[in-house]
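Below, read A as the first sequence line, B as the second, and so on, with proteins coming before strands; counting in each chain starts at 1.
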Number of protein chains: 2
Amino acid sequence: MPTSSREQHTGIQPSLIIERVTSTLREQVVARLRAALTEGVFRPGERMVERDICERLNVSRPLIREALRQLDAEGLVELVPHRGPVVRRLTTEEATELYDLMAVVEGECARYCVRRATADDLALLRKRTLALVEALRARDRGRIVKSKKLYYDALFAACHSASIEFYLRQISARLSQFWSSSVQVPGRIEEGTAELLAILDAIERRDENAASEAAQIFIRHARRQQDLRAIAEGSHRDAV
Amino acid sequence: MPTSSREQHTGIQPSLIIERVTSTLREQVVARLRAALTEGVFRPGERMVERDICERLNVSRPLIREALRQLDAEGLVELVPHRGPVVRRLTTEEATELYDLMAVVEGECARYCVRRATADDLALLRKRTLALVEALRARDRGRIVKSKKLYYDALFAACHSASIEFYLRQISARLSQFWSSSVQVPGRIEEGTAELLAILDAIERRDENAASEAAQIFIRHARRQQDLRAIAEGSHRDAV
DNA sequence: GATTGATAGATTGTCAGACAATTGGAGCAT
DNA sequence: ATGCTCCAATTGTCTGACAATCTATCAATC
């Protein structure tokens with residue numbers, strides 16, 4: 001769980017809360033490393049020598065070690081005893097499993113949206129969905145990335161479940177090394193936009209099963225893209 | 001991810017692997033604390049003062065701190081900045097969400113069993129299912145706990161997915177504080193045994209959807225038990 | 001008497017430095 | 001090539017320290 005986020009979603013009392021950005025250095029370190037890992041600054045399989053990271057981030061070794069324990073538990077790094085941390089590398093097999101997990105959890109997320117989203121949540125979700133669809137149609141990679149992030153923020157806000165959000169973000173982070181940025185399955189964009197709209201529609205219609213189903217389909221189809229890339233790159237073998 | 005468990009589920013080569021019990025003290029500490037947390041040695045909401053734990057386990061503070069970071073990421077403790085670690089307390093709301101997650105993930109687990117289980121896996125699963133059913137019928141609490149553990153070991157082995165196992169165990173650990181040990185919904189045992197057998201049957205029939213459905217139903221019904229307990233105990237309020 | 005403010009104590013956050021244990025690999029011998 | 005020995009690189013773990021921050025106690029004020 002992300003160290004202490006205590007936003008009681010009471011619905012009432014809209015934010016007199018002071019967001020403490022981060023009070024501890026460690027949280028910043030973890031955030032920094034996590035970002036670096038998901039953004040590919042460290043390559044899968046690469047060793048992360050503690051002292052090097054200390055110097056790069058200018059913090060002490062105990063701090064780095066604590067941060068690494070956390071990232072290990074999140075599945076982003078692997079701590080080989082007496083050999084040190086290594087950027088976890090996913091096999092296609094593991095990626096497949098994670099996608100399947102993501103699909104069912106995201107289905108549950110959509111289900112929760114149906115149950116819990118307020119009118120405001122829905123309005124925002126609609127807006128963000130359409131923005132993402134637009135970005136997809138424009139095939140503007142930068143805009144797609146940003147819109148996607150905003151879309152998911154809205155989706156998670158609408159489902160009002162910290163647990164679902166937590167696990168989806170975690171799985172997503174673990175899969176990040178697998179995101180394609182070059183290969184494009186022909187017609188995937190058209191298909192994807194239709195599916196996004198289907199999710200939105202089902203949620204707005206308050207149809208739980210349809211929403212869950214639509215969300216799952218979206219993820220499973222998105223995965224196909226990956227399969228293709230894996231094949232293109234020589235099936236992502238374990239040994240470098 | 002549980003610090004480096006590298007059992008390539010090749011299916012072939014049944015364990016020439018030498019299980020290194022634990023090469024580092026930290027792993028033992030984490031295991032110990034995790035066990036203590038799930039077994040209720042520490043009560044939800046209780047503070048875990050670092051130095052106290054150091055003395056109790058006879059290890060140094062850095063080690064305890066690393067262990068706590070990991071348990072934090074697993075959702076078992078909460079690290080309040082400048083106040084220290086607290087045993088995470090679940091609200092009924094959070095427990096509900098986790099049960100829903102567990103249901104869909106366990107559904108996926110059953111689905112994977114259908115896809116991947118070998119004949120040996122199935123034989124063991126059948127044996128363990130029947131043993132659990134027996135224990136349930138005998139209403140022998142100790143035996144039920146042991147059989148259940150073995151049942152899940154077999155189920156996870158049969159699904160051949162480290163990710164699914166990882167997340168299910170984690171969610172299960174987080175929910176442990178919520179397991180009832182006293183209240184019994186009348187007829188639940190009969191219902192539960194029937195559902196367990198239904199799961200087994202669906203897997204043996206190689207019917208993915210039925211297996212997934214049966215597993216989900218089992219969890220959702222098991223949760224009802226919890227609802228009852230929560231009500232009985234005054235709905236598990238947040239403030240002590 | 002209740003609220004506010006201030007002081008002290010407890011605990012965490014972070015660092016530096018040290019040393020033993022283990023691993024991986026280089027080099028040597030067979 | 002194969003196997004062995006030894007060494008360098010890193011990690012695993014500890015001790016001790018001190019600043020930052022929180023909690024609670026107690027005094028001061030209205």
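Judged by distance alone, with hydrogens and angles left aside, A/R61 brings no side-chain donor or acceptor close enough to the base of C/dT14 to form a pair under 3.5 Å.
Between the CG atom of A/L25 and the P atom of D/dT21 there is a distance of 12 Å, rounded to whole Å. Atoms CZ (A/R69) and P (D/dT13) sit 9 Å apart, rounded to a whole Å. D/dT13 atom C1' lies 13 Å from atom CD of B/Q28, rounded to whole Å. Protein atom CZ of B/R51 is 13 Å distant from nucleotide atom C1' of C/dG9, rounded to whole Å. Between the CG atom of B/L79 and the P atom of D/dC22 there is a distance of 15 Å, rounded to whole Å. As a whole-Å value, the separation of A/L63 CG from C/dT12 C1' is 13 Å. Across the protein-nucleic acid pair, B/Q70 atom CD and D/dG12 atom P stand 12 Å apart, rounded to whole Å. Look at CG on A/L68: it is 15 Å from P on D/dT10, rounded to the nearest Å.
Between the side chain of B/R47 and the backbone N or O of B/R83, at least one donor-acceptor pair lies under 3.5 Å.
Counted by atom type alone, B/R220 and B/Q216 present one or more donor-acceptor pairs between their side chains at under 3.5 Å. B/E106 and B/Y167 share no donor-acceptor pair across their side chains, judged by distance under 3.5 Å alone.
Residue B/R65 places at least one side-chain N or O closer than 4.0 Å to OP1 or OP2 of C/dG13. Within the 4.0 Å cut-off from OP1 or OP2 of D/dT23, at least one side-chain nitrogen or oxygen of B/R83 is found. Taking side-chain N and O atoms only, B/R26 has a distance below 4.0 Å to OP1 or OP2 of D/dG12.
Comparing atom distances between the A/P62 side chain and each of C/dT14, D/dT11, C/dC15 picks out C/dC15 as nearest. Among the nucleotides D/dT13, C/dT12, D/dC22, the one closest to any side-chain atom of B/H82 is D/dC22. Across C/dT14, D/dT13, C/dC15, the shortest atom-to-atom separation from the side chain of A/S60 is found for C/dC15. In this structure, the nucleotide among D/dC14, C/dT14, D/dG12 sitting nearest to the side chain of B/V59 is D/dC14.
Counting non-hydrogen atoms of other residues, nucleotides and ligands closer than 6.0 Å to CZ of A/R56 gives a total of 12 or fewer.
Both A/T24 and A/R47 lie near DNA chain C, and the one whose nearest nucleotide falls closer to the 5' end is A/T24. When each of A/P85 and A/S23 is assigned the nucleotide of DNA chain D bearing its nearest heavy atom, the one mapping closer to the 5' terminus is A/P85.
Between A/V77 and A/L37 the shortest side-chain heavy-atom distance falls below 4.5 Å.
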